[in-house]
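For reference, the structure is listed below as structure tokens.
Just so it is clear: chains get the letters A, B, ... in the order the sequence lines come, proteins before strands, and each one is counted from 1.
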Amino acid sequence: MPEVEAVCKKLRLEAEGCLIRRARLLRSSIAKGDVEQACNRATLTRVERRGKNIFLHLSSGGILHVHLRMTGNLYVIPDYRFLVGAVRVVWELADGRGIVFEDPRALGRIALIYAVPEYGREPLDPDFTATELAGMAKGSRKPAKLFLLDQDKVAGLGNIYAAEALFRAGIDPRRQMGTLRKPRLEKLHSAIVAVMSGAVESVYELYSQPGNMIEAERQTLMVYGREGEPCRVCERPVKRLAQSGRSTYYCSGCQK
DNA sequence: TCGATCCTGTAG
DNA sequence: CTACAGGATCGA
């Protein structure tokens with residue numbers, strides 16, 4: 001989500017209000033609906049983010065729902081005729097620039113829709129409270145990590161920041177969500193807000209700099225991707241386990 | 001609540 | 001060669 005937010009901010013600055021001459025779909029399997037038709041001579045009126053989802057509002061009335069998944073990226077290039085890398089879609093702007101959807105793994109998706117759907121709570125929305133989190137947690141038998149990945153509960157937490165938030169809150173990722181009591185949930189709530197707002201800031205800064213953004217962001221992480229390395233707090237080696245086929249990193253000393 | 005699937009790239 | 005990767009969805 002921090003990356004998605006960075007992508008949206010950049011796109012708003014550079015391309016909001018711009019006229020799209022046409023869109024070219026270079027890999028049709030990633031798109032649903034007639035994306036090319038909807039973009040034809042349409043203005044990009046607004047760029048909106050909900051969780052990890054991007055919504056590109058068009059003056060034609062259509063909305064492009066873009067999901068970057070693992071390796072997708074969306075950015076403006078100076079000339080739409082010069083494409084580099086795994087470009088799946090290019091929007092040719094009237095001023096000669098282009099917006100590209102680049103995605104080497106091609107897991108990202110674009111769909112033409114007409115209304116923005118509902119998602120879970122935005123962690124950075126000031127209305128998101130610990131009480132609300134407690135309400136969602138109540139009765140849930142899901143392991144805490146999987147609960148945090150559920151986009152219908154809190155929208156935007158991914159594998160990295162779910163692990164980081166649990167570390168900060170001192171919660172074992174396998175712990176059943178419904179068994180956590182209020183004080184601990186309050187701690188988790190503030191951990192989520194702190195982790196996400198910090199990440200949104202640092203990723204946006206790194207986003208405009210050369211080099212691999214994720215590599216730089218890794219330096220700031222407490223547990224994610226650090227299996228075997230000493231915990232930055234208690235020195236115990238960071239552990240890794242699989243939950244629903246995905247890696248979870250945690251510290252057995254700090255997380256109970 | 002798993003595992004497989006969608007894809008490709010990279011590290012070991 | 002195998003394992004793994006920031007995500008979501010589907011069917012068992």
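- Across all strands, A/Ser247 comes closer than 4.0 Å only to sugar-phosphate atoms, never to a base (heavy-atom distances).
- Put simply, CD1 on A/Ile110 is 16 Å from P on C/dA8, counting in whole angstrom units.
- Salt bridge A/Arg81/A/Glu92: absent, no basic N to carboxylate O contact under 4.0 Å.
- Rounded to whole Å, atom P of C/dC4 lies 13 Å from atom CG of A/Asn159.
- Base pairing of B/dC7 is not made with any nucleotide, judged by Watson-Crick or G-U wobble geometry with both donor-acceptor distances under 3.5 Å.
- Per the geometry, CZ belonging to A/Arg218 stands 9 Å off C1' belonging to C/dA5, to the nearest Å.
- Side chain of A/Ser190 to main chain of A/Glu186: a donor-acceptor pair is present (N/O by atom type, distance under 3.5 Å, no hydrogens or angles).
- For A/Glu229, the CD atom is densely surrounded, since the number of other residues' heavy atoms within 6.0 Å is greater than 12.
- Residue A/Tyr249 is tested with A/Tyr224, A/Phe167, A/Tyr161 for a ring pair (Phe, Tyr, Trp, His ring centres under 6.0 Å); the sole match is A/Tyr224.
- Comparing the same atom, C1', in C/dG6 and in B/dT1 gives a spacing of 23 Å after rounding to whole Å.
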A correct 5'-to-3' footprint of nucleotides 2-12 of chain B, with B, S and - meaning base, sugar-phosphate only and no protein heavy atom under 4.0 Å, is S---BBB----
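- Both tests hold for A/Lys9 against A/Tyr204: distance to the six-membered ring centre under 6.0 Å, angle to the ring axis within 45°.
- Nucleotide C/dG7 holds its C1' atom 6 Å from the NE2 atom of A/His67, rounded to whole Å.
- Atom name C1', nucleotides B/dG9 and C/dT9: the rounded distance is 23 Å, in whole Å.
- Contact annotation for A/Tyr249: backbone-only contact, meaning every heavy-atom pair under 4.0 Å involves sugar-phosphate atoms and none involves a base.
- A straight line from CG of A/Leu149 to P of B/dT1 spans 13 Å, rounded to a whole angstrom.
- Between A/Leu68 atom CG and C/dG7 atom C1' the separation is 11 Å, expressed in whole Å.
- Listed nucleotides C/dC4, C/dG6, C/dA8 differ in distance to A/Lys52; the shortest reach to its side chain belongs to C/dA8.
- In this structure, A/Leu206 places its CG atom 18 Å from P of C/dG6, rounding to the nearest Å.
- Contact between the side-chain N/O atoms of A/Arg246 and the OP1/OP2 oxygens of C/dA5 is not found at any separation under 4.0 Å.
- The distance between atom CE of A/Met196 and atom C1' of C/dG6, rounded to the nearest whole Å, is 12 Å.
- The pairing partner recorded for C/dG6 is none, the criterion being a Watson-Crick or G-U wobble arrangement whose two distances lie under 3.5 angstrom.
- Rounded to a whole angstrom, the distance from the C1' atom of B/dC6 to that of C/dC1 is 22 Å.
- A side-chain donor-acceptor contact under 3.5 Å links A/Arg184 to the backbone of A/Ala169.
- The hydrophobic clustering, which links ILVMFWY residues whose side-chain heavy atoms are closer than 4.5 Å, places A/Ile54 and A/Ile77 together.
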